[in-house]
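Here is the structure we will look at.
As the structure lists them, so they are numbered: ligands from 1, and atoms in each ligand from 1. Everything numeric here is computed off the predicted structure, so don't read it as measured data.
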Amino acid sequence: MSRISTLALTILALTVASSLSAQQSFTVGTATAAPGQKATGYLEVPAGVDAATSIPVVVVNGAKPGKVLALVSGAHGTEYVSIIAIEKLIPALDPAQVTGTVILVPLINIQSFEQKVPHVNPVDNKSMNRFYPGKADGTQTERASFLITKEIVDRCDYLIDYHGGDLDESLRPYAYWGPTGREAQDRISKEMVLAFGLDHIIIWSERPTDPAATRYLDNTASVRGKPSIVVEAGHAGTVETDDVNLLVNGTLSTMRALKMLPGDPHPIENPVWIEKLSDVLADGPGIWYPLVKRGTYVSAGMKLGTITDFFGKVITEPRAPVSGVVLHVNAVPSLKKADNIADLGVIASHAP
Ligand SMILES: [Zn+2]
C-alpha cells in the first residue's frame, strides 16, 4: 500500500470517526451527553402570558448507538410514585450498559409538586396531560406541552408516560395500551406493555387522531408513529416501595424487550385486559363513605358507598353501572359536584 493511499485512508477514518461521534452526542434542552455519558439540564419554557418554568431533564447516552426512549413523569405533580420511580432510574441507568439513548423527565409539573395541588398546574389551572401538542403562545401548560412535543416526542422512537393515583385517588396499578391500527407499531407497543409487567391493561381505543389535537402525551407520540404506553401505580400521596418497584422494574424489563439493556424481559402472562372504562361521578357535594377498595371486583348494581350531607343524612348511594374492577376510588371524604367517585374497568371478553 502506498503512503498516499494510507494517508487517504487515515483521513477518511478520522472523518468518519468524528462525524459519528458528532452524531452520537445528544442534546435535550440544556442537557448534552456524549456517547457513554449522562447529562442533566432543563427544558426552559419561556415566559409568555404567564411565568416561565424550567423542567428538569436527564439524557443517558448509551455507549452503543441505537433507538431513543423517552420516560416522562410528573404531569400531575402529586402522583408521587411515578415521580420517585424516575428519580430511582436516573442513577440506575448506566450509560455503559445502555444501547441507544434514554431521555428522562421526572417532573413536568413543578408547581403542582411544590404547592401540593393535585390534577392541574396551579399557574393556569390546566391538566398537564390534556393540552398536547401544545401552543408556543398559550398559557404555561400549553407552552410546556409545545416544548415537550418538539424536544422529546419528535426526537424519540418510543415513549412511556408515568402516572398514578393522585392525592385523592386510591388506585390499583394498571397500564394503558392504545392500538392505532398500524400493525407494526401496535406490535411493538403491545410488546412494551406486556414487558412492563403490570397485570391489568386497559385497551384505550377511540382516541384523537388529529396530530394538532392529540390531548394526551402518549397519544401525541403514538399519532406521530412512535410506539407508546401509559403506566400507573401509587395512590393517595403514598410512596410504597412495592409500587415504586413496579414502575422501576417494569421500565428495565421494557428496555430489555427493546434491546436497549442486556438480559431478558419478564413479560406478564395472561394479563387482565380491560375493554371499557366507566366513570362514576358525584351528582352533588357531600361526604363520601366508600364500601369498596381499589382492586375490588364488583357486579353491576353493587353499592359502591354512601354520600351524606354535613348532618349525616344519607343523600345517595352510588352503585356500579357495570360489572368490573375498581381501578380507582375516591380516597378522601371530600366530594363536590362532578368529582370522580370511582373508575371501573370492564374486563374484555378476549385478549387482543
Ligand atoms: Zn396523572
Think K135 forms a cation-pi with F146, using NZ or CZ under 6.0 Å from the six-ring centre and within 45 degrees of its axis? no
Write the atom name of the N, O or S atom in H163 that is nearest the Zn ion (ligand 1). ND1
Between E79 and the Zn ion (ligand 1), is there a contact where an N/O/S atom of the residue lies under 2.8 Å from the metal? yes
In Y216, Y174, W177, the residue satisfying ring-ring contact (aromatic ring centres under 6.0 Å, His included) with W204 is Y216
Specify which N/O/S atom of H76 comes nearest to the Zn ion (ligand 1), by atom name. ND1
Sub-4.5 Å side-chain heavy-atom contact between L171 and V329: no
Looking at F26, does the NZ or CZ of R155 lie under 6.0 angstrom from its six-membered ring centre and within 45 degrees of the ring axis? yes
